[in-house]
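Read the structure below first, then the notes.
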Amino acid sequence: MDTDIQIARGLIGAASIPGGPTQEQMNLVQSLLHGYFGSDADAEKLSALSPEDLAAIVDPDDRHRVADLLVVLEFCRHPYDEAQADLVEKYVGALGVDEPMLILARDAIQGEVEKVAADWSRLNAPPSGERAIAEQDRDYGAKLRALESCPPLSLGRTYFQ
């Protein structure tokens, strides 16, 4: 069986708390199968894969990508269920991935908006030092060059000139 289908089976397993995966979670898996993996497989017909079995088939270079998909899957369960978060952590743990987004996901799902904003800022802090200045200069230069395509005599074109 293709690795992509096995990953989809792992996602189904990670959503298989009592009551099973939600329809939204199954829709996500189906969308990934068709749009991301390019497979015609039917998510509804796939059986769940355990954390250990998923870890055994995922290439080490792909483990972070799969962990990210597991976090997205967790966001698709409404209402929030602690068992869902625990199960996703088990799957990510089996992959051997240190995924800081797990903390952010749990906080977000539990509705701790202020904590989520602080975590998000910390995890996605802009670059600093010379690299930051170089990126800002490059971005600013691109914005200025884009003004050249503004209509003649417009404020943007005049500023560019």
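Starting from 1, each residue takes its place in the sequence as its number.
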Distance from Leu95 atom CG to Arg65 atom CZ, nearest 0.5 Å?
11.0 Å
Side chains of Arg77 and Ile17: closer than 4.5 Å at any heavy-atom pair?
yes
Where do Leu28 and Cys76 come nearest, in terms of heavy atoms and distance?
CD2-SG, 4.0 Å
Would you name the heavy atoms of Ala85 and Glu74 that are closest together and state the gap between them?
CB-OE2, 3.3 Å
Which atom of Gly96 lies closest to which atom of Arg63, heavy atoms considered
N-NH1, 4.4 Å
Closest contact, heavy atoms only, Ala14 versus Leu70
CB-CD2, 3.4 Å
Has Gln25 got a side-chain atom pairing as donor or acceptor with Thr22's backbone, closer than 3.5 angstrom?
yes
Nearest 0.5 Å please: distance from the CZ atom of Arg9 over to the NZ atom of Lys45.
15.5 Å
Heavy-atom pair of closest approach, residues Ala41 and Leu33
O-CD1, 3.8 Å
Can you check whether Met26 reaches Ile12 side chain to side chain, under 4.5 Å on heavy atoms?
yes
I need the single residue from Asp4, Leu11, Val72 that forms a side-chain contact (heavy atoms from CB on, under 4.5 Å) with Leu32. Which is it?
Leu11
When you compare the side chain of Asp2 with that of Ser39, does any pair of heavy atoms fall below 4.5 Å?
no
Ala8 to Val29 - nearest heavy-atom pair and separation
CB-CG1, 3.9 Å
Would you mind reporting whether Ile7 and Ile57 have side-chain heavy atoms less than 4.5 Å apart?
yes
Between atom OG1 of Thr3 and atom CG of Leu54, what is the distance when rounded to the nearest 0.5 Å?
10.5 Å
